[in-house]
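Working notes, structure below.
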Amino acid sequence: MMKALLKLTWLEIKIFVREPMGVIGTIGIPAAVFLIASRLLGPRIARAAIQTGGGAVSTVLPVLASILMALSAITSLVTIISIYREGGILKRLRATPLSPTVILSAHVLVKLLFTVLTLAIMVLLGRRYFPPGAPVPLFSYTVALIFTTWAILSIGFLIASIVPTARFAQPLAAIIFYPMIVVSGLFFPVSALPEWMQAVARVLPLGYAVSLLDGIWRGQGWVAHLGDVAALTLFFLAFTAISTRVFRWE
Amino acid sequence: MTPIIRVSGIRKTYGKTVAVDDVSFEVQEGEIFGLIGPNGAGKTTTMECVEGLRRPDRGSISVLSLDPIRDARALQLKVGVQLQQAQLQKRIKVREAVDLWASLYPHPVDGDALLDRLGLADKRKAWFMTLSGGQKQRLFIALALIHDPDVVLLDELTTGLDPQARRAIWDLVREIRARGKTVLLTTHLMEEAERLCDRVAIVERGRVIDVGTPAGLVRKHCENETVVLETTDASAAQRFETIPGVESVTWQNTACTIRGRDGLVTHVIQCLAEHRIHVTSFKTELPNLEDVFLTLTGHSIRE
């Protein structure tokens with residue numbers, strides 16, 4: 001099964017890079033936009049950050065970028081699975097010993113790889129514009145990023161398992177993501193939200209993801225965020241279990 | 001002998017639509033068995049039940065004495081399938097698809113040799129999206145054969161192919177049988193069934209109407225024979241009326257159509273020889289599976 005997963009993942013990576021538009025959209029455009037935005041706004045944001053002692057938004061920019069990248073990875077995971085379903089590719093795969101978990105995992109690995117790659121490029125580009133303040137634990141952050149992306153991609157598992165067509169996939173993902181972003185603490189601190197919104201935030205995975213990434217970036221260490229790690233693991237297990245059960249091949 | 005595939009009394013409905021009403025048949029080892037009938041007759045649903053992709057509401061299926069759903073894992077190793085209207089990733093290469101499939105099974109056959117046999121050797125590096133319809137179907141046959149299965153299930157194998165590609169595929173299927181495999185296929189092309197299948201089950205509105213060899217079914221249900229000839233002999237008309245087995249004789253100027261049964265063709269030839277009737281053209285029209293279908297259902301399979 002492991003052999004099949006690696007084989008399928010490698011194959012999907014090759015297939016992905018054969019489509020130039022996909023590569024430009026996934027890596028090129030985010031990196032380019034980031035570069036341009038950094039050139040124009042970088043010094044100002046850096047100054048503001050120094051003055052206020054925090055970011056221009058409630059979290060630091062890299063965390064914001066990470067979460068948005070992860071969400072776009074989910075959308076594209078959902079889209080590709082529904083395209084496979086509509087095209088009858090899933091149906092053909094079903095008649096083989098491949099399990100849905102392997103098929104989904106292969107796509108997750110591909111998305112993960114390109115997400116990390118894009119962010120790595122951004123970080124390298126961003127170095128010029130964001131003068132290093134306090135040292136950032138880059139290794140820890142990378143581990144945290146892979147972990148959280150993997151965990152919240154399981155939402156994508158679930159959506160991908162049930163949406164009938166690719167046209168449904170995008171709006172459904174948007175309906176779920178935008179409210180989730182609002183209560184996640186990405187733009188407004190969770191503690192500033194009304195009581196009921198905080199309750200909603202607690203049953204969604206994104207808040208934990210933001211908290212973990214933000215904390216690690218600020219050098220708080222893993223021990224302080226064991227709760228986030230546990231919550232994300234639970235979400236991952238639950239969503240994966242449900243999606244294997246409700247997975248639709250056609 | 002235990003049948004390789006046994007389908008008994010299956011039924012499958014989708015809401016109020018009855019896709020398969022009551023289908024039973026048995027496929028013996030080493031034969032090519034065809035489910036034939038018009039589109040929407042329930043052939044593909046039946047096939048998907050045999051493949052284990054759908055669970056029939058009622059009835060039972062055994063393939064190699066195993067249950068297609070309960071024993072799906074075990075059967076995947078012994079059964080090769082080609083699905084109707086299947087697709088692969090647009091930009092997957094032929095060779096990559098074969099490699100991937102080979103990696104999923106414990107004892108795959110040599111992928112390159114298989115592609116050679118199927119005439120895809122020079123398409124090894126081609127993307128799936130660039131293949132012609134016939135090449136795609138041959139690739140799907142390759143994927144169905146990669147693990148050297150005992151049973152091969154082929155659903156509407158040649159739909160949408162040109163006659164030449166179709167004939168090439170028929171040869172491939174005969175070759176599969178020659179290797180001792182058992183083949184179950186569906187088709188709505190009567191010519192395909194006649195040329196390829198050892199036995200067929202005629203499926204109409206979710207039911208099996210009859211099962212038999214193509215020739216046997218024709219003999220059983222369509223005994224009529226037709227002779228079309230041209231002659232200027234004035235005495236011919238009168239002589240033809242008295243030929244044994246004749247049911248009708250119709251003339252259109254010098255062209256004559258004689259319909260009948262019980263060895264009509266032989267009797268017409270004897271009559272022509274005996275009375276030295278000179279004919280300028282002579283041809284026989286024997287019934288085929290399409291006529292059988294028309295006789296059994298009252299409507300043409302093409303409708």
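Numbers restart at 1 for each chain; the letters A, B, ... are given by sequence-line order, proteins then strands. Atoms considered below: every heavy atom in the structure, side chains included; atoms not considered: hydrogens, waters and symmetry mates.
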- So, the part of E12(A) with a heavy atom under 4.5 Å from chain B: the answer is side chain

- Task: Salt-bridge test for R179(B) and D148(B): reply yes if a basic N is under 4.0 Å from a carboxylate O, no otherwise.
- Result: no

- Can you say whether K91(A) sits under 4.5 Å from chain B via the side chain, the backbone, both, or neither, judging by heavy atoms? both

- Message: Testing the 3.5 Å rule here: is there a donor-acceptor pair between the side chains of T96(A) and W101(B)?
- Response: no

- Message: I need the residue from R73(B), H147(B), Q82(B) with the largest number of non-hydrogen atom pairs under 4.5 Å to chain A.
- Response: R73(B)

- Message: Going by side chain to side chain donor-acceptor pair (under 3.5 Å), name the residues that satisfy it together with R207(B), two or more places apart in sequence or in a different chain.
- Response: D21(B)

- Item | Short side-chain donor-acceptor distance under 3.5 Å, S66(A) and Y141(A) | yes

- Message: Heavy-atom cut-off 4.5 Å, strictly under: side chain, backbone, both or neither for Y84(A) against chain B?
- Response: side chain

- Do the side-chain N and O atoms of T187(B) and E192(B) include a donor-acceptor pair separated by under 3.5 angstrom? yes

- Task: Using non-hydrogen atoms and a 4.5 Å limit, figure out which bit of L75(B) sits close to chain A: side chain, backbone, both or neither.
- Result: neither

- F128(B) ring centre to K93(B) NZ or CZ under 6.0 Å, with the angle to the axis within 45°? no

- Message: Out of Q87(B), R91(B), E51(B), return the one with the most heavy atom pairs under 4.5 angstrom to chain A.
- Response: R91(B)

- Message: One thing to verify: whether D171(B) and R167(B) come together as a salt bridge, which I'm taking to mean a side-chain N less than 4.0 angstrom from a carboxylate O.
- Response: no

- Task: Identify which part of Q76(B) has an atom lying under 4.5 Å from any heavy atom of chain A, answering side chain, backbone, both or neither.
- Result: side chain

- Message: At a heavy-atom distance under 4.5 Å, which candidate from L93(A), L8(A), I15(A), I83(A) has the highest pair count against chain B?
- Response: I15(A)

- Message: Using a 4.5 angstrom heavy-atom cutoff, name the option from L100(B), V79(B), L143(B), L77(B) with the most pairs to chain A.
- Response: L100(B)

- Item | K90(B) versus chain A, the contacting section by heavy-atom distance below 4.5 Å | neither

